[in-house]
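Down below is the structure, laid out as C-alpha cells.
Everything numeric in this text was worked out from a predicted model, so none of it was measured. All values below come from the heavy atoms of this structure, side chains included, with hydrogens, waters and symmetry mates left out. Residue numbering restarts at 1 for every chain, and letters A, B, ... go by the order of the sequence lines.
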There are 2 protein chains.
Amino acid sequence: MGVTKTALFDVEQNELAVLAKALAHPARIAILQHLAATTSCINGTLVQELGLAQATISQHLRKLKELGLICGSIEGTSVNYCLDRKRWEEVRLLFQDFFAPLADNSEDTLCC
Amino acid sequence: MGVTKTALFDVEQNELAVLAKALAHPARIAILQHLAATTSCINGTLVQELGLAQATISQHLRKLKELGLICGSIEGTSVNYCLDRKRWEEVRLLFQDFFAPLADNSEDTLCC
DNA sequence: TAAATTTATCGTAATATTACGATTGATATG
DNA sequence: CATATCAATCGTAATATTACGATAAATTTA
C-alpha cells in the first residue's frame with residue numbers, strides 16, 4: 001500500500017495530479033517564478049537565492065525537467081535553465097479548465 | 001531532513017505549494033470535479049464512484065476540508081459535501097496569477 | 001596536463017503520503 | 001432500547017518526498 005491507484009482515474013485527472021505535484025513545493029514554485037521573471041538562469045544562481053543545498057536544487061530542477069516545464073542548455077561549465085513556454089501555456093490551460101466550471105454561478109451558496 | 005524548509009520562502013510561494021499539494025492526487029481532483037459538477041455529494045457515493053476504501057476517501061476529504069476547499073453538513077446519518085465557492089474562486093485566482101506572467105510573450109523561444 | 005568550476009548523481013536519513021482494516025461515534029429505524 | 005447505517009478516526013504497512021554530504025562527470029582555464 002501507500003502507492004497511488006492511478007488506474008482508477010482517467011488520463012486528465014492523473015495528468016493534473018502529476019502537474020500539481022510538480023508545483024507542490026515552494027522551492028519549485030520559486031524556481032518557476034524566477035524563470036518566468038528572468039527568462040533564464042543557472043543552477044548556481046538558484047543555490048544562492050533559495051538557500052538550499054546544490055544537490056537539492058538539482059533534484060528539484062530534474063523534477064521540473066521531467067514534466068517538460070523547463071529545459072537546460074549547457075553553457076560553459078554551467079547550465080542555462082529556462083521555461084518551456086509552450087508547455088507552460090499547455091499547463092496553464094489545463095488548470096484554467098479545471099477551475100473554470102465554477103467561475104460563474106457563485107451566487108447560490110449551498111452548504112458553505 | 002526530509003522536511004520542507006518553509007521558512008526559506010515567502011507566504012505566497014508556500015500557500016501555492018500547499019494548495020498544489022491538495023490537488024496532487026487524482027482522487028482529490030476527481031472529488032473536486034464531481035463537486036463542481038453536481039454541487040454536492042456524500043462520502044458513500046464517492047466510495048462507489050472512485051473505487052477506493054471508505055477510510056481512504058474520508059482521508060482525502062479531510063485534506064480538502066483542512067484547506068477550506070470543501071465543507072460538509074450532516075444530513076441524517078450521512079454527510080453532504082460541497083465546494084466552498086468563495087474559496088474556490090480565491091484559489092482559482094491564485095493559480096491564474098501564478099501562470100499569467102508568461103501568457104503573452106510566447107514568441108521568443110530562448111533555449112527550449 | 002593539472003587545477004578549478006559547475007552540475008548531476010549516489011547513498012542515506014528523516015519525514016510525509018497513500019491505503020486499508022478495524023474500531024468508534026453519531027444518528028436513524030425497528 | 002437494540003440494531004442498522006454511515007462517516008471519522010486509529011493503527012499500521014508500503015511507498016514517496018525532501019534534504020544534504022560525498023562523489024562523479026564535464027568543461028574551462030592556468
Provide, to the nearest angstrom, the distance between the [atom1] atom belonging to [X] and the [atom2] atom belonging to [N].
X: A/Leu46; N: D/dC20; atom1: CG; atom2: P; value: 14 Å
X: A/Arg28; N: D/dA16; atom1: CZ; atom2: P; value: 15 Å
X: A/Ile42; N: C/dT7; atom1: CD1; atom2: P; value: 5 Å
X: B/Gln54; N: C/dG25; atom1: CD; atom2: C1'; value: 13 Å
X: B/His60; N: D/dT9; atom1: NE2; atom2: P; value: 15 Å
X: A/Glu66; N: D/dA16; atom1: CD; atom2: C1'; value: 13 Å
X: B/Leu50; N: C/dT18; atom1: CG; atom2: P; value: 14 Å
X: B/Ile57; N: D/dT9; atom1: CD1; atom2: C1'; value: 16 Å

Quiz item: Counting any heavy atom closer than 4.0 Å, what does A/Ser78 reach on the DNA or RNA strands: base, sugar-phosphate only, or nothing?
Solution: sugar-phosphate

Exercise. Could you say whether B/Ala53 or A/Ala55 is positioned toward the 5' end of DNA chain C, judged by the nucleotide with the nearest heavy atom to each?
Key: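 The residue closer to the strand's 5' end, by nearest nucleotide, is A/Ala55.
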
Exercise. Map A/Asn43 and B/Leu52 onto DNA chain C by nearest heavy atom, then report which one ends up closer to the 5' terminus.
Key: A/Asn43

From the set [options], return the single nucleotide nearest to any side-chain atom of [X].
X: B/Val3; options: C/dA16, C/dA22, C/dT7; value: C/dA16
X: B/Thr77; options: C/dT18, C/dA28, D/dA19; value: C/dA28
X: B/His25; options: C/dT18, D/dC20, C/dT7; value: C/dT18

Self-check item: Single hit among A/Leu93, A/Ile70, A/Leu83 for side-chain contact (heavy atoms from CB on, under 4.5 Å) with A/Trp88
Solution: A/Leu83

Exercise. Flag the pair B/Glu89 and B/Lys86 as a salt bridge only when some basic side-chain nitrogen lies within less than 4.0 angstrom of an acidic carboxylate oxygen.
Key: no

Exercise. Identify the two heavy atoms, one from A/Ala30 and one from A/Leu50, that lie closest to each other, and give their separation to 0.1 Å.
Key: CB-CD2, 3.8 Å

Exercise. Looking only at non-hydrogen atoms, find the nearest pair between A/Gly68 and A/Asp84 and report the distance.
Key: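 Taking every non-hydrogen atom into account, O-CB, 3.3 Å.
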
Quiz item: When you check the side-chain N and O atoms of B/Gln33 and A/Gln13, is any donor under 3.5 Å from an acceptor?
Solution: yes

Exercise. Name the residue closer to the 5' end of DNA chain D, choosing between A/Lys21 and A/Glu75 according to the nucleotide with the nearest heavy atom.
Key: A/Lys21

Quiz item: Taking N and O atoms by type only, does the side chain of A/Gln59 place a donor or acceptor under 3.5 Å from a partner on the base of C/dA8?
Solution: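 Between C/dA8 and A/Gln59, which were checked side chain against base, a qualifying N/O pair under 3.5 Å is absent.
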
